Amino acid sequence: LFAQWMHFAYPRECPYPHIAGATKQMNMFEWTHHRGNMSATREEMAGVAGHPARKGAPLLGGRWIHEEELLAPDSPVELLAFQSVAAAAALAGVMLGLIRRG
């Protein structure tokens, strides 16, 4: 939910957080092949910008999804590997600090 809030707080900097596997990235050539022309005429842009429901409308009623994805390892083996790497990095930091100090 935090990622969704970040999108609504900073919509230009933070893309909408889709659930993993729900979308497929496309380059502009694939998009044009599947969807057609990517450009809009000035009349189309003015029509969208001048739509009455858009003027003064609050930024509420977004697509909130109450499903959260956790970035935790799926298996205990992956968790153990992550913990050992984190412990090694912490130990290296402590050793480097002691070497610099003494």
Side-chain angles (χ1 to χ4, degrees):
L1 291 176
F2 178 73
Q4 292 179 40
W5 177 84
M6 286 296 291
H7 168 71
F8 285 107
Y10 304 99
R12 293 180 188 221
E13 293 85 7
C14 180
Y16 187 78
H18 294 282
I19 295 175
T23 61
K24 179 185 173 230
Q25 290 184 344
M26 291 188 206
N27 63 28
M28 65 181 190
F29 302 111
E30 293 171 330
W31 175 269
T32 305
H33 177 72
H34 290 292
R35 301 284 180 130
N37 193 359
M38 293 190 314
S39 60
T41 64
R42 291 201 177 268
E43 292 79 22
E44 290 172 329
M45 289 186 259
V48 171
H51 196 269
R54 186 177 168 104
K55 289 185 179 177
L59 186 62
L60 297 175
R63 301 178 337 194
W64 288 97
I65 300 171
H66 295 285
E67 184 175 337
E68 186 171 10
E69 290 185 310
L70 301 176
L71 301 177
D74 292 334
S75 69
V77 174
E78 291 176 5
L79 180 61
L80 182 60
F82 174 75
Q83 288 174 341
S84 63
V85 169
L91 181 61
V94 169
M95 295 299 289
L96 184 61
L98 290 174
I99 291 171
R100 285 187 176 180
R101 188 174 192 204

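FYI, side chains are in, hydrogens and waters are out, and symmetry mates aren't considered; it's all heavy atoms of this structure. Keep in mind that this is a model prediction, so the values were computed, not measured.
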Do M28 and M26 sit in one hydrophobic cluster, given that two such residues count as connected whenever their side-chain heavy atoms are within less than 4.5 Å of each other, even indirectly?
yes
Are V94 and L96 joined in one hydrophobic group, where the rule is that I, L, V, M, F, W and Y side chains link up if heavy atoms are under 4.5 Å apart?
no
A quick test of your reading: do over 12 heavy atoms of other residues, nucleotides or ligands sit less than 6.0 Å from NE2 of H33?
no
Can you list, by chain and residue number, the hydrophobic cluster partners of L91 when the side-chain cut-off is 4.5 Å?
M95
CD/E30 to NZ/K24 distance, rounded to the nearest 0.5 angstrom?
5.0 Å
Taken in chain and number order and not counting sequence neighbours, the residues that satisfy side chain to side chain contact (heavy atoms under 4.5 Å, CB included) with A40 are E44, M45
